[in-house]
Amino acid sequence: MYDDVLSLRFTGDTNAALPARTKVHKIVLINGTTSAVASIKVHDAATVTGNPVAEIHSNLLTTDTYEKYSQSNFQSPLFFERGVSLDITGTSAVGYLYYTR
Amino acid sequence: VYDALHSKRVTANANSTLPQFVRVHKVALVNGDTAADASIKLRDWVALYQLIAAQDETDYDGSGSNGSFVGGSGYAEEDTIVLSDGSVITVDAVSAGAVTEFTVTSVGTGGPVAAVALTQASTSGDGEDFTLTPGTANLETAVDPAVELHAGISAPSTFRKFSEVTLSPPRLFQRAVSLDIAGTNAVGYIYYS
């Protein structure tokens with residue numbers, strides 16, 4: 001079993017948002033404007049470099065409306081060896097990471 | 001309770017992208033072009049493709065999607081040739097030592113790829129330099145997918161940008177994880193332990 005999760009809220013790109021050996025259980029994306037796409041890319045690195053190890057995007061719901069809320073669960077958490085760095089796109093997008101250490 | 005997950009990012013077809021005894025907990029797909037579908041298929045095998053058994057030189061005549069072959073030299077009828085993917089060719093006819101007719105008598109697991117020549121690994125005789133270059137008409141998928149994910153439609157004429165499937169409990173791949181991914185600029189993520 002795992003400890004209770006902690007949460008990290010972020011609104012901009014962040015290097016080393018969480019330290020090495022973090023376990024991420026869930027990624028949530030809130031799209032600030034549903035007229036355009038939003039996304040989060042999560043890197044296992046001290047900076048936002050290289051390829052992400054996880055990403056999430058808001059999907060188009062109707063012809064011109066995107067999802068307000070998107071999430072991706074890791075029922076066994078995703079292990080970050082080097083640290084968690086975040087790349088978030090989209091107008092007024094907000095991200096949440098739920099994690100344990 | 002399983003160990004924490006690792007991530008494998010993929011953008012192209014791959015044989016044995018993960019080794020045997022991997023447990024896949026989740027697969028995610030990012031569609032690079034939402035005007036069309038994208039997909040990812042995971043197969044529990046060391047290779048995506050294998051040669052089609054019992055084909056012969058007429059299936060390797062270079063026409064259409066057929067592959068081709070180079071007859072080499074020094075061969076005799078009934079020689080067997082083991083190719084670099086482990087497949088075995090039986091020589092049915094020769095002309096001045098060059099193979100002119102043959103049959104694919106067994107298929108290997110080395111993961112042949114279209115338009116890439118298979119070379120001789122060994123032979124029962126003395127011949128050398130026979131090569132077999134499969135075309136798409138000479139290849140078949142080795143096994144059916146164990147996991148398959150598509151982008152799917154999210155709005156009229158538009159496909160989903162992001163899709164995922166969670167496997168709980170995870171799917172155990174006993175032999176390896178080989179995958180094919182389709183779609184313009186599609187990116188897949190395999191989360192495994």
Side-chain angles (χ1 to χ4, degrees), chain A residues 1-3 5 18 20-29 31 34-45 49-82 84 87 89-90 98-101, chain B residues 1-12 14 17-18 22-38 40 147 149-172 181 183-193:
Chain A
M1 297 299 291
Y2 298 97
D3 295 336
V5 296
L18 294 168
R21 307 191 65 77
T22 292
K23 299 180 184 77
V24 170
H25 296 247
K26 186 184 193 92
I27 304 168
V28 167
L29 169 63
N31 192 349
T34 54
S35 61
V37 70
S39 69
I40 294 171
K41 294 180 180 176
V42 189
H43 296 252
D44 185 4
T49 54
N51 291 322
V53 297
E55 58 185 284
I56 182 172
H57 297 254
S58 54
N59 284 311
L60 197 60
L61 279 178
T62 64
T63 305
D64 53 6
T65 307
Y66 289 82
E67 290 174 332
K68 179 70 176 176
Y69 181 89
S70 308
Q71 64 178 359
S72 186
N73 295 317
F74 299 94
Q75 294 182 346
S76 289
L78 181 59
F79 184 63
F80 286 74
E81 292 183 60
R82 303 175 190 85
V84 179
D87 176 2
T89 65
Y98 297 94
Y99 67 97
T100 53
R101 294 289 321 282
Chain B
V1 175
Y2 297 97
D3 293 338
L5 305 184
H6 298 276
S7 168
K8 177 72 176 181
R9 182 179 188 271
V10 294
T11 58
T17 192
L18 291 170
V22 159
R23 287 181 172 83
V24 172
H25 296 244
K26 176 175 186 146
V27 181
L29 175 64
V30 181
N31 189 355
D33 177 9
T34 55
D37 196 17
I40 184 170
V147 179
L149 175 62
H150 288 256
I153 290 176
S154 67
S157 304
T158 305
F159 291 81
R160 293 171 65 88
K161 178 70 177 177
F162 180 80
S163 308
E164 62 180 12
V165 59
T166 299
L167 307 170
S168 180
R171 206 292 186 177
L172 174 64
I181 184 167
T184 304
N185 297 324
V187 179
Y189 292 89
I190 305 169
Y191 299 102
Y192 66 96
S193 63

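Proteins get letters first, then strands, A, B, ... in listed order; numbering begins at 1 in each. Values below: every heavy atom of this structure, side chains too, minus hydrogens, waters and symmetry copies.
- Counting only distance, with no hydrogens or angles, the side chain of A:Ser76 and the backbone of B:Leu5 share no donor-acceptor pair below 3.5 Å.
- Not one N or O on the side chain of A:Asn59 forms a donor-acceptor pair closer than 3.5 Å with the backbone of B:Arg160.
- Comparing A:Val37, A:Thr65, A:Val24, A:Leu61 by heavy-atom pairs within less than 4.5 Å of chain B, the highest count is held by A:Leu61.
- Note: A:Phe79 CZ to B:His6 NE2 = 7.0 Å, rounded to the nearest 0.5 Å.
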Legend entry - Working for side-chain contact (heavy atoms from CB on, under 4.5 Å), residues A:Ile56 and B:Glu164: CA-CA 10 Å; A:Ile56 182 172; B:Glu164 62 180 12; over 6 Å; no
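- In this structure, OG in B:Ser7 is found 11.0 Å from NE2 in A:His43, a value given to the nearest 0.5 Å.
- Atom-to-atom distance recorded for B:Lys26:NZ and A:Leu78:CG is 9.0 Å, nearest 0.5 angstrom.
- Looking only at side-chain heavy atoms (C-beta outward), B:Lys161 and A:Ser58 stay at 4.5 Å or farther from each other.
- The minimum heavy-atom distance between B:Tyr189 and A:Ala54, with the atom names listed, is CE2-N, 3.8 Å.
- Considering OH of B:Tyr191 and CD of A:Gln75, their distance stands at 14.0 Å, rounded to 0.5 Å.
- Here CZ of B:Arg9 is found 13.5 Å from CG of A:Asp44. Values are rounded to the nearest 0.5 Å.
- One finds the NZ atom of A:Lys23 at 9.5 Å from the CG atom of B:Asp3 (value rounded to the nearest 0.5 Å).
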